[in-house]
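One structure is given below, encoded as structure tokens.
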Amino acid sequence: MTMGSIVDVVIANVKEKNGEASLFAQAVEEVLESVEPILKKRPDLVDSYVLPLLVEPERIISFRVPWVDDEGVTHVNTGYRCQFNSAIGPYKGGLRFSPEVSVDEVKFLAFEQTFKNALTGLPIGGAKGGADFDPIGKSDMEIMRFCQSFMNELYRHIGPVTDVPAGDIGVGKREIGYMYGQYKKLTNRVEGTLTGKSPVDGGLVGREEATGYGVVFFAREMLAYHQDDLTAKEVVLSGYGNVAWGAAKKLNELGAKVITISGLEGFIHDPEGISGEKVDFMREIRYGDKTLADFVEKFPSATFYPNEQPWHVSGDIYMPCATQNEIGQIEAEAIAKSRGQYIVEGSNMPLTREATHILKVAGKMIAPFKAANAGGVACSVYEMAQNASFIPTAEAQVYAQLEILMKNIHQTCVEVCEAYQLPYDLNVGANLAAFERVAEAMLAQGIV
Ligand code: GLU
């Protein structure tokens, strides 16, 4: 079969099986379309089994998660773990607790995680999981009971060299702690089967900051490539969760100015900049102790825009750090007209395919999430190493390794574009470099 046609056939099959409008089909199409230069040079990959195997998860587990609320009422949620690809290492990826979590969502996230993890250069395969559970408004005891019930099933599918879950939206060190506690209770083993733990129970100092810091280090590399830097850049940021918080901290440290944050309920615009105690306040909003309205009350320079997102605010850098597809056609058109030249993806797949197209046509530079936010999962591997070796890693060492790693990922994307004689395009570079690594390993391992 020719290269064009096998890619088309594989994409058509994925659409037929998963639905044209599925997140999974969107992700598969985006990756496979950009790996065509590799397939032209490597007919063995076209004729081999790699592509059809690559778009089918190795395993998906779906399970019942029953729990009892503080009033004694029973609830039942659905839990998932999608173990997508183990060609280069044990399954690795986060768990997401959010009402919209579905098979489609975990499949897309696990597929993308496979490539993100490959880009780190570390030996980790791709996975993702979670539950359609809404942690917002739940008491601490309800969260604990839910996490324990979730682990009552998940524990039999994971392990330090099998599958190592971590956090994602709605899952931070508190939830990981409760799940880890239950894992130890059930298995009687103290081992690094979950990452993103608190440093008090085996977690890596700096893991919480790592994803957001890594996003900013990557942005710095992209700007440097264009003889630019972060000094005094106004950043339109979305989200107030873990990634947004870490990014805001590091942006301030490196001399940029964060002017927005957001949640599903709306966004805050603060022209004086969101730094210092305002960044600390983001944590309180994330954990449900405070709201965006409270932010405005405490910091009068800020304005709250309910039920809106910040993409029409003028800035130099746009940094989506909330969730997938948060920038669609309308938002991309607003950014395309702005003075901003850079879009740095902090959340997983924040741009629709249409939005990416509009922004590329407008000549904007995009840092793709699978490269830009890979610092989080890389630091999870440092946590695995710390747990396996029983030797703690110092915070300064974590950040030093993270800076080098983000520099290397950017360089890898640049070099692969050069090797295929393509112009600088980080989306294409990230997909090509990651695909090469995963596909070679799959080819070596045969039809399994
Ligand atoms: N959920 C994070 C991500 O999207 C972290 C995954 C991990 O540390 O395993 O990469």
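Computed from a prediction, not measured in an experiment: that's the story for all the values here. As the structure lists them, so they are numbered: ligands from 1, and atoms in each ligand from 1.
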inquiry  = Do K233 and Y342 form a cation-pi contact, if we require the NZ or CZ to be under 6.0 Å from the six-membered ring centre and within 45 degrees of the ring's axis?
reply    = no
key: Proximity of F84 and F111 rings by center, below 6.0 Å   = yes
Result block: side-chain N/O donor-acceptor pairs under 3.5 angstrom for residues 282-290, not counting sequence neighbours:
residue : atom : partner : partner atom : Å
R283    : NH1  : E208    : OE2          : 2.8
R283    : NH2  : N242    : OD1          : 3.3

inquiry  = Looking only at the side chains, is there a donor atom on one of Q324 and Q26 sitting less than 3.5 Å from an acceptor on the other?
reply    = no
message = How about NE2 on H226, more than 12 heavy atoms from neighbouring residues, nucleotides or ligands closer than 6.0 Å, or not?
response = yes
query = Would you say K360 has more than 12 foreign heavy atoms packed within less than 6.0 Å of its NZ?
reply = yes
remark   = By chain and number, the residues contacting ligand 1 below 4.0 angstrom (heavy atoms only) are K92, G93, G94, Q113, K116, K128, A166, G167, D168, R207, N348, V377, S380
